[in-house]
Every structure is written in C-alpha cells, then in structure tokens.
Number of protein chains: 2
Amino acid sequence: MKYIEKLRNSGLRPTKQRLQICEVLFNTDKTFHFTINELKQKITKQANNKISLATVYNTVHAFEKKGYLKQIPINSSETYFDTNVTDHHHFYDLKEEKLIDLENSDVGPINILKKINGKKIKSVEVLVKLED
Amino acid sequence: MKYIEKLRNSGLRPTKQRLQICEVLFNTDKTFHFTINELKQKITKQANNKISLATVYNTVHAFEKKGYLKQIPINSSETYFDTNVTDHHHFYDLKEEKLIDLENSDVGPINILKKINGKKIKSVEVLVKLED
DNA sequence: TTGTAGTTTATAATGATTCTAAAAAAGTGT
DNA sequence: ACACTTTTTTAGAATCATTATAAACTACAA
C-alpha cells in the first residue's frame, strides 16, 4: 500500500483507519474541501466500514500538523479542511455556502508591505465572498 | 444621545442595552476586534450593568445585518467581530492568537481575474498568518 | 511471544451559539 | 395617562461541533 511509507516517515503508525482516510483524501489528482462529517460519511460509504468520529478528528488533526491538510479560514459552523496545501485562495458563495478554489493564476500577486518585528509570514490567504 | 437616531433609522428600537453596546463599540475613533464574551465583559464593567448574554448575541447579529459590524473569517473557537467595516485585511499571529489590522496601504491592490456566472464579489479579505 | 507505546473507540464533557417562552419595555393611537 | 400591539430582553434549556477520557485494541520491537 502506497501510504504506509508516507505515514511511517511522518512518525504515524499505518493503521487500517489512517490508510482508509488516506485513500479517500489523497488517492485522486483533484484536491478538494471537506468537513469532518463529510469525510466520515465518505469513509463509511467507500470502505463500507465503521469508523469512530473521534478517530476522524484525531487523524485529520494529525495530518494537518504534518502539513498534509490545512484548515480554511472561514466562518462556518463546521471547520473546512483542504487537501490542497499549496498557497491558494478561495471564493465563498454566501448563498450556497459553498467554497470554490481559485487558481493562483486567478489572483494577481499580493504584496504585504507591513512587517511585524520578529515575526515572519507563514501564509497569505484571500477569501472572496460572492453574492447574487 | 447620539445613537438613538442611528438605531431608529435602522429600524431598531433604541433600548438601554443597545445604547450601552453602541457606547462600547462606536464611541471611539479607533476600531477594534472583539468576541461576544469580551464585549459582554466590557459592558458589565463600563456600564456597571448586567446584560444578558443572549442580548449581546442578538444585538451584535442585528448590527452585523445592518452593516455596523462584520465578522472576521478566521478559525478560532470564538467568532471575532470587527468595528471596522471598511474593506481591510488582517495579520493573525498564530502564537499569540491575536489579530492585527492591516491598513489598506499595507497591502497592494488585489486583482481577482476569475468570474463566476451570475455572482458578484461582495468582499475581498486577506488573512496573513504570522509565525516566529 | 511479550511488553509497551501508540491508536481506536464509545461515551461523556465542554463550550459557543441558538432557541424558547414569559416578562419587560417601547411605540402608537385614543 | 391609558390601553393595546409589537419588539426586545432575559434566564435557562437545547443544540451542535469539538475535545477529553479511559478502557480495549493494535503495531512493532526486543
């Protein structure tokens, strides 16, 4: 299985549950957005398998810490995660409550002119809210 | 009282609680960020007055709907609001968990090149995450 | 195989937010 | 001022996402 090594290299034991989550999240060319509950449903369907909600939380947080996932900063009752961990931006359709990726080529370069003493920029993320 | 008219013009009855909240939020030149609980504490201190948590929620949401406040899109357990409703951007200090305003002059112009059919852009917000 | 450290799990706990329904206050007309 | 309607406030309950707990299970190394 191709994710076993990836997990081991990250110091995470390749358990059945983690491998299932890897399949759902990373076994595709397309990146995508998801919430914890959406992910749990996908696993239950795709692998026809029960998985504990707590395990989904644990694993997603572990993957986020390792840099395989990132949270999308947005005000929503549920937290959104993104399998695209490269710097990129989002549309948020307020009516449909749906996130849409922006390619980097869709947004011109962003210049942050201010500096904060002793701090460095980790990421620059743009959220474009859409209305009808 | 200078906020009575403002509230009436918005179709909101100028109650004691709403006027107190206006004093705390708008009776200053500086704009600032706050959470519901911080706001409740300020009111309790400043006006030496009890106010129901539900009222603070109700009022903040009413003010947001009227455009006097806006939510800051950020992943935090509590929702952050901003008394600065003009288009502007934020630093987020990951270590201190603190928001810092960016002036518009601190960020170069942002070009959104992609269009979504039938939707228009309501706002463009940049979140710059800072680390040590 | 045996030990142990890491992982999963169901369930309980937490905490922010929303809901509810009754009491209080504000607005309106008389 | 009074009666009446509508809006608002309020305490407490309900909800919902997330985190904590602690017991059972699993991976892995000696």
Side-chain angles (χ1 to χ4, degrees), chain A residues 1 3-24 33-44 47 49-66 68-81 97 99, chain B residues 1 3-24 33-44 47 49-66 68-81 97 99:
Chain A
M1 198 91 92
Y3 298 112
I4 291 182
E5 205 179 349
K6 179 181 178 173
L7 289 170
R8 279 231 182 76
N9 291 341
S10 312
L12 298 170
R13 288 187 178 171
T15 65
K16 187 179 55 143
Q17 291 84 347
R18 283 172 179 166
L19 290 168
Q20 279 172 0
I21 291 175
C22 282
E23 286 292 334
V24 173
H33 313 129
F34 65 93
T35 64
I36 295 286
N37 277 299
E38 287 168 1
L39 178 56
K40 182 168 188 292
Q41 282 191 341
K42 273 198 189 177
I43 295 159
T44 308
N49 225 319
K50 284 180 210 81
I51 190 169
S52 167
L53 181 59
T55 301
V56 183
Y57 273 100
N58 289 342
T59 304
V60 165
H61 287 145
F63 285 5
E64 190 200 2
K65 194 166 285 176
K66 296 296 178 185
Y68 302 141
L69 292 174
K70 64 176 189 179
Q71 279 190 243
I72 301 171
I74 196 177
N75 289 117
S76 170
S77 59
E78 285 179 82
T79 302
Y80 275 83
F81 293 88
E97 293 189 5
L99 275 167
Chain B
M1 198 92 90
Y3 298 112
I4 291 181
E5 205 179 348
K6 180 180 177 173
L7 289 171
R8 280 232 181 76
N9 292 340
S10 313
L12 298 171
R13 289 184 179 173
T15 64
K16 188 179 55 146
Q17 291 83 347
R18 282 173 180 165
L19 290 168
Q20 280 172 359
I21 291 175
C22 280
E23 286 292 334
V24 172
H33 313 129
F34 64 93
T35 65
I36 295 286
N37 277 299
E38 287 168 0
L39 178 57
K40 183 170 187 293
Q41 283 191 341
K42 273 198 187 175
I43 295 160
T44 308
N49 225 319
K50 286 179 208 82
I51 189 168
S52 167
L53 180 61
T55 300
V56 183
Y57 272 100
N58 290 341
T59 304
V60 165
H61 286 145
F63 285 5
E64 191 201 2
K65 194 166 286 178
K66 297 296 177 186
Y68 303 142
L69 292 173
K70 65 175 189 181
Q71 279 190 242
I72 301 171
I74 196 177
N75 289 116
S76 169
S77 61
E78 285 178 82
T79 301
Y80 275 83
F81 293 88
E97 293 188 5
L99 275 167

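As the structure is a computational prediction, the values presented were derived from the model and not from experiment.
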Length of the [atom1]-[atom2] vector between [X] and [N], whole Å:
{"X": "K65(A)", "N": "dT19(D)", "atom1": "NZ", "atom2": "P", "result": "11 Å"}
{"X": "L7(A)", "N": "dT26(D)", "atom1": "CG", "atom2": "P", "result": "18 Å"}
{"X": "Q41(B)", "N": "dA16(C)", "atom1": "CD", "atom2": "P", "result": "12 Å"}
{"X": "K50(A)", "N": "dT9(C)", "atom1": "NZ", "atom2": "P", "result": "10 Å"}
{"X": "K16(B)", "N": "dT8(D)", "atom1": "NZ", "atom2": "C1'", "result": "12 Å"}
{"X": "I43(A)", "N": "dT8(C)", "atom1": "CD1", "atom2": "C1'", "result": "13 Å"}
{"X": "I51(A)", "N": "dT8(C)", "atom1": "CD1", "atom2": "P", "result": "8 Å"}
{"X": "K40(A)", "N": "dT18(D)", "atom1": "NZ", "atom2": "C1'", "result": "14 Å"}

Counting only side-chain N and O atoms of [X], is one of them less than 4.0 Å from OP1 or OP2 of [N]?
{"X": "Y57(B)", "N": "dT17(C)", "result": "yes"}
{"X": "R8(B)", "N": "dG27(C)", "result": "yes"}
{"X": "H61(A)", "N": "dT19(D)", "result": "yes"}

What's the closest nucleotide to the [X] side chain, out of [options]?
{"X": "L12(B)", "options": "dT8(D), dT18(C), dT9(C)", "answer": "dT8(D)"}
{"X": "R13(B)", "options": "dT6(D), dT19(D), dT9(C)", "answer": "dT6(D)"}
{"X": "S52(A)", "options": "dT9(C), dT7(C), dG27(C)", "answer": "dT9(C)"}
{"X": "A54(A)", "options": "dT11(C), dT9(D), dT7(D)", "answer": "dT11(C)"}
{"X": "E78(A)", "options": "dA17(D), dT10(D), dT19(D)", "answer": "dA17(D)"}

N37(B) vs V56(B), side-chain contact (heavy atoms from CB on, under 4.5 Å): CA-CA, chis, key distance, verdict:
CA-CA 9 Å; N37(B) 277 299; V56(B) 183; over 6 Å; no
Taking any heavy-atom pair under 4.0 Å as a contact, classify [X]: base, sugar-phosphate, or nothing.
{"X": "N58(B)", "result": "base"}
{"X": "S77(B)", "result": "sugar-phosphate"}
{"X": "T15(A)", "result": "sugar-phosphate"}

Does the base of dT7(C) carry an N or O that pairs as donor and acceptor with the side chain of R18(A) under 3.5 Å?
no
Would you say the side chain of F63(A) lies within less than 4.5 Å of the side chain of C22(A), judging by non-hydrogen atoms?
yes
Report yes if the side chains of K16(B) and N49(B) come closer than 4.5 Å at any heavy-atom pair, otherwise no.
yes
Using the ring of each side chain (for Trp, its six-membered ring), is F81(A) parallel, tilted or perpendicular to F34(A), with breaks at 30° and 60°?
parallel
Spell out, as yes or no, whether a donor-acceptor pair under 3.5 Å connects the side chain of R18(B) to the backbone of T59(B).
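Not a single qualifying donor-acceptor pair exists.
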With distance as the sole test, does S10(A) use its side chain to make a donor-acceptor pair with the main-chain N or O of L12(A) at under 3.5 Å?
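No.
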Take Q17(A) and L53(B), find for each the nucleotide of DNA chain C with the closest heavy atom, and name the residue whose nucleotide sits nearer the 5' end.
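Closer to the 5' end of DNA chain C: Q17(A).
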